[in-house]
Amino acid sequence: MRTMKYAVRSLSGGLFLLLMLALQAHAQTVDDAWRFSQRLPGVGARLTAMGGASAAGLADYGALFSNPAGLGYYRASEVSGGLTWLNARDAATYHVPGNRFDWESELRATNLDHLVAVYKVPTVRGSLVLGMAYARVADFTRRLYFQGDNDANSITDAYLPYPDEYTVTSGGELQFNSDIPFIAYQAGAIEFLPSEYEAGRYPFYQAVAPGTTIRQTGEVTEEGGLHELSFGGAVEAAPNLFLGLSVGIVTGSYRFERRYEEDDFRNENTPDLYAVAVEGGFLYGFDYLRAQDYFESDLQGFSVRAGLSAQLSPSWRLGVGVETPVFFSVQEDYGTQLETFFDEGGSLRYGGQPGDAGTGSFDYEIRTPWRLRAGVAYQTRQLHVGLDLELIDWSQMRFDASTNRSFIQDLNRQVRDTMEPVVNTRLGLAYQMGGATLYGGVAVFPDPHKSEIREAEADRRRVFGSLGASIQLAESFRLNIGWAQEQFDDYYQPYGDVERPPYVREEVRRNRFVIGLTYTFQPPRARATRPPRRR
């Protein structure tokens with residue numbers, strides 16, 4: 001334990017820490033809301049392979065998630081199921097003052113992709129189709145690893161408090177007004193010198209001595225995804241004009257874990273450079289530091305989609321759709337633990353226990369933006385080409401919570417100040433060859449962060465390229481295979497509040513494979529009722 005002569009207490013809430021603390025995972029941020037709102041271009045093997053292009057109207061259960069009017073083109077009923085396999089590779093370059101280090105990491109995941117039932121209701125004329133689908137609509141899987149030697153600064157520099165973050169009472173009691181230095185002090189990463197305070201000088205110093213070289217290592221893992229259970233249907237309101245409606249219930253989880261370490265691998269931080277007072281004595285010389293952080297979010301939400309599709313001619317279709325905001329309810333648990341090891345005396349650790357600063361839970365809401373989608377498709381007996389445009393104004397995202405209203409208002413101001421509208425583009429084609437159909441597609445989702453953020457950090461535009469095939473196995477069974485590769489850049493900063501802080505530039509590539517089996521069947525035909533003949 002730390003010496004009790006200078007008692008320490010934390011006055012600020014864990015919620016402020018979640019926004020500002022580099023020591024801990026960043027929950028409840030603008031980028032979290034954007035992450036939870038992002039979607040895959042399309043669901044299922046077929047639309048995965050076609051880049052998700054389906055807004056013009058397509059007889060695929062994925063229409064429930066884009067333009068439900070497309071269900072009206074079904075000619076038979078079907079049931080389907082499938083799995084998805086994801087491989088995420090992250091090429092990282094760790095930049096420290098005067099040097100850079102290249103690393104690559106990988107993470108895999110296998111999940112249920114979809115379970116589907118579509119029923120074409122027997123009708124005398126026109127079309128009425130009902131559908132229900134459970135599908136994976138977003139995937140968060142990825143891992144970042146970096147390592148490098150830094151002689152310019154340390155995370156312990158970032159833990160030093162500003163003058164307004166601590167006070168010393170007339171009785172000599174040290175009190176912190178911020179969790180950042182409080183946690184670092186409790187774990188021995190910074191120390192307070194009463195003699196310096198009494199002399200009118202800055203009274204704190206950090207564990208890693210300036211000018212020494214330390215090895216910094218970090219690993220960030222993200223896991224989880226979103227699934228949606230969608231119910232809907234489409235009706236032929238007039239010849240070749242289909243109207244559709246679907247309701248989606250979204251559930252999912254997201255887990256963020258970070259491990260960050262600093263190692264005095266050259267043994268330059270000798271015992272005479274740093275000492276920490278604890279009850280019963282001192283600990284001497286910085287040797288090693290380990291910070292572990294996490295937050296885990298459980299998400300539940302719902303939205304409604306409506307759309308229409310018109311068969312303008314045998315070769316052309318036009319469709320439009322609208323989706324209400326997804327109203328997410330988020331339950332979040334978070335925690336952080338910091339431990340400092342010394343050359344002499346052992347180690348000090350703080351965090352991870354109920355009631356500790358930086359550990360707790362929080363409930364809040366996210367309202368995603370409206371989505372407007374339009375598409376056009378050209379088709380012949382063998383060829384289908386579709387183009388979709390989707391407008392999303394990300395500056396319309398909003399946070400809400402029953403507590404910490406000023407914090408929530410600040411987040412909403414950040415959304416308005418940093419985000420802007422984008423237009424997502426999807427292009428897909430299908431070519432039928434006997435009992436098989438080949439697919440290809442491209443999708444581009446621009447980065448909604450404003451230009452000054454993209455220039456300072458990274459352009460996080462997501463680009464997808466895809467291929468796939470459907471193979472008729474028997475009269476009623478069809479095997480569907482889809483592959484899509486997603487590429488985007490990202491930016492990560494282990495800590496700030498120092499001169500020339502280190503940072504990581506990432507090139508992320510995720511390959512997603514979907515395989516599904518579809519069984520198609522014809523429902524009994526409806527019979528027209530005729531008036532009785534007159535005798």
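- The shortest distance between side-chain heavy atoms of Pro502 and Phe146 does not fall below 4.5 Å.
- Checked against the 6.0 Å centroid threshold, Tyr254 and Phe295 count as a close aromatic pair.
- Nearest approach of Val330 to Ser297, heavy atoms of both residues: CG1-CB, 3.9 Å.
- With Glu268 contributing its side chain and Thr213 its backbone, the two residues share a donor-acceptor pair below 3.5 Å.
- Of all non-hydrogen atoms in Ser37 and Thr368, the two that sit nearest each other are OG-CG2, 3.0 Å.
- For Glu104, the side-chain hydrogen bond (donor to acceptor under 3.5 Å, both in side chains) partners are Arg89, not counting sequence neighbours.
- Under the 3.5 Å distance criterion, the side-chain polar atoms of His227 are matched with a main-chain donor or acceptor of Leu112.
- For the pair Asp356 (side chain) and Gln353 (backbone), a donor-acceptor distance under 3.5 Å is present.
- Classification of Arg462 and Asp489 as a salt-bridged pair fails, no side-chain N sitting under 4.0 Å from a carboxylate O.
- When only modelled atom types and interatomic distance are considered, Gln493 and Tyr491 share a side-chain donor-acceptor pair under 3.5 Å.
- The environment of CD in Gln300 is sparse: at most 12 heavy-atom neighbours from other residues, nucleotides or ligands sit within 6.0 Å.
- What you find for Ala458 and Asp447 is that their closest heavy atoms are O-OD2, 3.5 Å.
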Checklist entry - salt bridge (Lys or Arg N to Asp or Glu O under 4.0 Å) between Glu223 and Arg255: does it pass, once the steps are laid out? => result CA-CA 5 Å; Glu223 295 179 302; Arg255 182 172 179 84; 5.6 Å; no
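- In terms of heavy atoms, Ala158 sits closest to Ile180 at O-CG2, 4.3 Å.
- Two residues are said to be in side-chain contact when any heavy atoms from C-beta on lie closer than 4.5 Å; Asp293 and Tyr260 fail this criterion.
- The closest side-chain donor-acceptor pair between Gln206 and Tyr159, if any, does not fall under 3.5 angstrom.
- Under a cut-off of 6.0 angstrom, the local environment of CZ in Arg505 is crowded, with over 12 non-hydrogen atoms contributed by other residues, nucleotides or ligands.
- Counting non-hydrogen atoms of neighbouring residues, nucleotides and ligands closer than 6.0 angstrom, the CZ atom of Arg290 exceeds 12 such neighbours.
- Phe140 places a side-chain heavy atom less than 4.5 Å from the side chain of Arg35.
- With respect to Phe341, the ring-ring contact (aromatic ring centres under 6.0 Å, His included) criterion is satisfied by exactly one of Tyr274, Tyr288, Phe286: Tyr288.
- Between the Thr340 side chain and the Ala187 main chain, a donor and an acceptor come within less than 3.5 Å of each other.
- Between Tyr145 and the options Tyr94, Trp103, Phe101, a ring-ring contact (aromatic ring centres under 6.0 Å, His included) holds for only Trp103.
- Between Thr84 and Arg512 the shortest heavy-atom distance is OG1-NE, 3.4 Å.
- Between Asn511 and Trp483, the side chains place a donor N or O and an acceptor N or O closer than 3.5 Å (distance only, hydrogens not considered).
- The side-chain hydrogen bond (donor to acceptor under 3.5 Å, both in side chains) check on Glu420 picks up Arg454, with sequence neighbours excluded.
- Inter-residue side-chain proximity for Leu226 and Glu228 is flagged as unmet; no heavy-atom pair is nearer than 4.5 Å.
- Side chains of Glu499 and Asn153: a donor-acceptor N/O pair is absent below 3.5 angstrom, by distance only.
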Checklist entry - When you look at Glu365 and Arg367, which way does the salt bridge (Lys or Arg N to Asp or Glu O under 4.0 Å) test go after all the steps? => result CA-CA 7 Å; Glu365 291 81 42; Arg367 189 184 76 221; over 6 Å; no
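- Glu222 has no carboxylate O lying under 4.0 Å from a charged side-chain N of Arg510, or vice versa, which leaves the two without a salt bridge.
- Between Asp490 and Arg142 there is a salt bridge, since at least one side-chain N of the basic residue sits less than 4.0 Å from a carboxylate O of the acidic one.
- Side-chain contact between Arg258 and Tyr492 is present, with heavy atoms from C-beta onward closer than 4.5 Å.
- At most 12 non-hydrogen atoms from other residues, nucleotides or ligands lie less than 6.0 angstrom from OH of Tyr162.
- Between the side chain of Glu262 and the backbone N or O of Ile155 there is at least one donor-acceptor pair closer than 3.5 Å.
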Next on the checklist: Assess the residue pair Tyr364 and Glu332 against the criterion (side-chain hydrogen bond (donor to acceptor under 3.5 Å, both in side chains)); give the C-alpha distance rounded to whole Å, side-chain angles, the decisive distance to 0.1 Å, and a yes or no.
Outcome noted: CA-CA 8 Å; Tyr364 62 103; Glu332 201 154 78; 3.3 Å; yes
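- Side-chain atoms of Arg398 come within 3.5 Å of backbone atoms of Ser395 as a donor-acceptor pair (strictly under, hydrogens ignored).
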Next on the checklist: Evaluate Val208 against Asp264 for side-chain contact (heavy atoms from CB on, under 4.5 Å), listing each step before the verdict.
Outcome noted: CA-CA 8 Å; Val208 177; Asp264 181 26; over 6 Å; no
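- Between Arg373 and Glu323 no salt bridge is recorded (no basic side-chain N to carboxylate O distance below 4.0 Å).
- Taking a cutoff of 4.0 Å between a charged side-chain nitrogen and a carboxylate oxygen, Glu261 and Arg259 qualify as a salt bridge.
- At distances below 3.5 Å, at least one donor-acceptor pair connects side-chain atoms of Asn412 with backbone N or O atoms of Phe399.
- Residue Val250 is tested with Phe36, Phe302, Phe327, Phe328 for a side chain to side chain contact (heavy atoms under 4.5 Å, CB included); the sole match is Phe328.
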Checklist entry - Where do Asn99 and Asp149 land on the side-chain contact (heavy atoms from CB on, under 4.5 Å) test, with the steps shown first? => result CA-CA 8 Å; Asn99 210 341; Asp149 300 340; over 6 Å; no
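- No side-chain donor-acceptor contact under 3.5 Å links Ser246 to the backbone of Ser230.
- Centroid-to-centroid, the aromatic rings of Tyr166 and Phe176 stay 6.0 Å apart or farther.
- Of the N and O atoms on the side chains of Gln337 and Glu339, not one donor lies less than 3.5 Å from an acceptor on the other residue.
- Nearest heavy-atom pair, Thr336 versus Thr359, reported as atom, atom and distance to 0.1 Å: N-OG1, 3.6 Å.
- Residue Glu452 qualifies as enclosed at atom CD: its count of foreign heavy atoms under 6.0 Å is above 12.
- Thr212 places no side-chain N or O within donor-acceptor distance of the main-chain N or O of Asn269, the cut-off being under 3.5 Å.
- Looking only at atom types and distance, the side chain of Asp31 has no donor-acceptor partner in the side chain of Thr29 under 3.5 Å away.
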Item to check | Derivation and outcome, salt bridge (Lys or Arg N to Asp or Glu O under 4.0 Å), residues Arg371 and Asp393 | outcome: CA-CA 8 Å; Arg371 295 171 182 257; Asp393 185 355; over 6 Å; no
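- Side chains of Asp102 and Thr93: a donor-acceptor N/O pair is present below 3.5 angstrom, by distance only.
- At distances below 3.5 Å, at least one donor-acceptor pair connects side-chain atoms of Tyr350 with backbone N or O atoms of Ala357.
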